[in-house]
Student: 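I am attaching a structure below and will ask some questions about it afterwards.
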Amino acid sequence: MPRNKKRENNFAEVNPLHGKTIILGVTGGIAAYKACDIASMLRRAGADVHAVLTPNAREFVTQLSLTTITRNPSHCEQFQAQADWRPEHIELAKKADLILVAPATADIIAKMAAGMCDDLLTTMILASSAKIMLAPAMNPKMLDHPATQNNLATLQNHYRYDLIAADYGELACGDFGTGKMASVETIVAAAAACLLEHRTLAGRRVIVTAGGTREPIDPVRFIGNRSSGKMGIAMADAAYARGAEVTLVSTVEVDRAYSVLLVETALEMQETVEAEFDGCDALVMTAAVADFRPLGFSNQKIKKSVKEDFSLELTKNPDILDLLGRVKTDEQFIIGFAAESEELLSNASQKLKRKNLDVIVGNDITVPDIGFGSDDNAVIILSADGSRENLPRMPKRAIAEHLCDIIAARFSTAEKEPASAD
Ligand code: CTP
């Protein structure tokens, strides 16, 4: 049985900025002085704003100004003495709904695209699962440079960051062209729209499974696997950020605002997922469920002195996905995962059909450094409608965002289709 249960309501706010925690990243360009107006407007709209400046930003705007305007301490130093054992800014990064970098210089854009984290702001960006937006501001030639354009394309297409396009006009350097930071009103409106639009799964109930099951042999030993649960947790975080009511059925303990049901074995996972499945809109089965469990459980620790040879009799576990694929309604959407060491495409597409899934996400476990335990993966996404997408190596959160887009698109299409006349 699940060992803990936590639920909270998910009411959409009428004003999408109200009550939201926003990290305002300020970087070192002349437009940094406008960050004060952005902070003020966001705060007056009801957001809890925390400014994080890069060291260069302090050449243009003071921490004191931003602290006063946001009514929260603003941050800059990455390494500083602190009273609490938990770094405050990492806690902040974890609870943020949105990180808005305005202005975003060519330098921070390059660092973000490369995944660097040599200051507090870039560190928080990497440590956060919040939606990230940036408002570029720089000389037109710098913006136009292929390096900057490639970096922006990486942020937009691979990491799913939102860009607030720079305006055309006269810049502080005297040049004319595109590179002026968008207006304060445009940036605040874009932040509000992003928080609203991002709720593409509002009103949907999504179950996600995470981690590897453990099948006990005796009080000390179990059969386990290498799954870290990171993909499932990223998926649950992404769905929750989009407004879904999320239930995470996990073998890995995490502290989240949504419901987390802790399980250990495949049978416990089956029981818990089945109990939640009725009436859910989507099930995303990222968990690595053991296919077999020991036939019997030894109440006492098995002693090595007993025998020279020892064999363990195993019995098959139920295939949770297969069972639920059989009973799912037309309105329910199921995503399965396939971790394969060979014949990725054919194995994944066979599982898609055999288990009656809407989508299967396949990955090749022989590729080094990604997949199990890593923060990144590279996957193929096969859909029951025959479509196929290859996602190159990217953070698991970005893969999760892709999957959320797929689920949301499916529900929006279903809503648009008129009910049949008879
Ligand atoms: N799965 C499940 N129950 C099981 C085994 C797997 O629900 N007992 C789900 C996994 O969560 C995953 C999908 O089925 O979403 C595919 O799992 P995988 O281990 O790749 O495939 P299997 O069906 O177990 O086939 P095989 O191990 O032979 O590749």
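Order of listing sets the numbers, starting from 1, for every ligand and every atom in it. For the single chain, residues carry numbers from 1 onward in sequence order.
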Student: For atom 6 (C) of ligand 1, which of the options Met285, Lys355, Arg354 provides the nearest non-hydrogen atom?
Tutor: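 Result: the heavy atom closest to atom 6 (C) of ligand 1 is in Lys355.
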Student: Is it true that atom CZ of Arg226 has more than 12 heavy atoms of other residues, nucleotides or ligands lying nearer than 6.0 Å?
Tutor: no
Student: For atom 2 (C) of ligand 1, what is the closest protein heavy atom, and at what distance to 0.1 Å?
Tutor: Asp319 OD1, 3.4 Å
Student: Atom CZ in Arg388, atom CD1 in Ile381: separation rounded to 0.5 Å?
Tutor: 12.0 Å
Student: At what distance is the nearest protein heavy atom to atom 24 (O) of ligand 1, and which residue and atom is it?
Tutor: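 In this structure, atom 24 (O) of ligand 1 has Asp291 OD1, 2.9 Å as its nearest protein heavy atom.
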Student: Taking both backbone and side-chain atoms of Ala287, is any N or O found less than 3.5 Å from an N or O belonging to ligand 1?
Tutor: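 Between Ala287 and ligand 1 (N or O atoms, distance only) the closest approach is under 3.5 Å.
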Student: Can you tell me how far CE of Met41 sits from CG of Leu17, rounded to the nearest 0.5 angstrom?
Tutor: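 Here the interatomic distance stands at 10.5 Å.
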Student: I need the atoms of ligand 1 closer than 4.0 Å to a non-hydrogen atom of Ala338, numbered in the order shown.
Tutor: 20 (O)
Student: Looking only at protein heavy atoms, which one is nearest to atom 18 (P) of ligand 1, and how far off is it?
Tutor: Lys351 NZ, 3.5 Å
Student: Under 4.0 Å between a Lys/Arg side-chain N and an Asp/Glu carboxylate O for Arg393 and Asp369?
Tutor: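 Looking at Asp369 together with Arg393, the answer is no, because their closest N to O distance does not fall below 4.0 Å.
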Student: Any non-hydrogen atom of Ala266 lying under 4.0 Å from ligand 1?
Tutor: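 For ligand 1, residue contact (heavy atoms, under 4.0 Å) with Ala266 is absent.
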Student: Considering the options Glu77, His75, Arg58, which one meets the side chain to side chain donor-acceptor pair (under 3.5 Å) requirement together with Gln63?
Tutor: Arg58
Student: For the side chain of Asp281 and the backbone of Arg205, is there at least one donor-acceptor N/O pair under 3.5 Å apart?
Tutor: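 Between the backbone of Arg205 and the side chain of Asp281 there is a qualifying donor-acceptor contact (under 3.5 Å).
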Student: Would you find more than 12 non-hydrogen atoms of other residues, nucleotides or ligands less than 6.0 Å from Arg293 atom CZ?
Tutor: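 Atom CZ in Arg293 is packed in, count exceeds 12.
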Student: Would Pro318 count as being in polar contact with ligand 1, using the rule that some N or O on each side must be under 3.5 angstrom apart?
Tutor: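 N/O-N/O distance below 3.5 Å exists for this pair.
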Student: Under a 4.0 Å heavy-atom limit, does Ala339 contact ligand 1 with its side chain, its backbone, both, or neither?
Tutor: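 The answer is the backbone.
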Student: Enumerate the atoms of ligand 1 whose separation from the nearest heavy atom of Gly336 is less than 4.0 angstrom.
Tutor: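 Per the distance check, 15 (O).
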Student: Any idea which part of Ala288 is under 4.0 Å from ligand 1, heavy-atom wise: side chain, backbone, both or neither?
Tutor: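 Neither part.
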Student: Under 6.0 Å from the CG atom of Asp278, do we count more than 12 heavy atoms belonging to anything else shown?
Tutor: no
Student: Write out the residue and atom name of the closest protein heavy atom to atom 9 (C) of ligand 1, then the distance separating them to 0.1 Å.
Tutor: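 Of every protein heavy atom, Leu321 CD2, 3.7 Å lies nearest to atom 9 (C) of ligand 1.
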Student: When you measure from atom 28 (O) of ligand 1 to the protein, is at least one non-hydrogen atom found at a distance under 4.0 Å?
Tutor: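 False for atom 28 (O) of ligand 1.
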Student: Between Asp218 and Arg221 (salt bridge meaning N to carboxylate O under 4.0 Å), is one present in this structure?
Tutor: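 Yes, this pair counts.
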Student: Identify, for atom 17 (O) of ligand 1, the protein heavy atom at the shortest distance, and state residue, atom and that distance.
Tutor: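 Sorting protein heavy atoms by distance from atom 17 (O) of ligand 1 puts Phe337 O, 3.6 Å first.
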Student: Run down the list Val284, Ile334, Ile320 and name the one with the heavy atom closest to atom 3 (N) of ligand 1.
Tutor: Ile320
Student: Step by step, work out the salt bridge (charged side-chain N to carboxylate O under 4.0 Å, His left out) result for Lys230 and Asp375.
Tutor: CA-CA 7 Å; Lys230 286 182 179 179; Asp375 289 331; 3.0 Å; yes
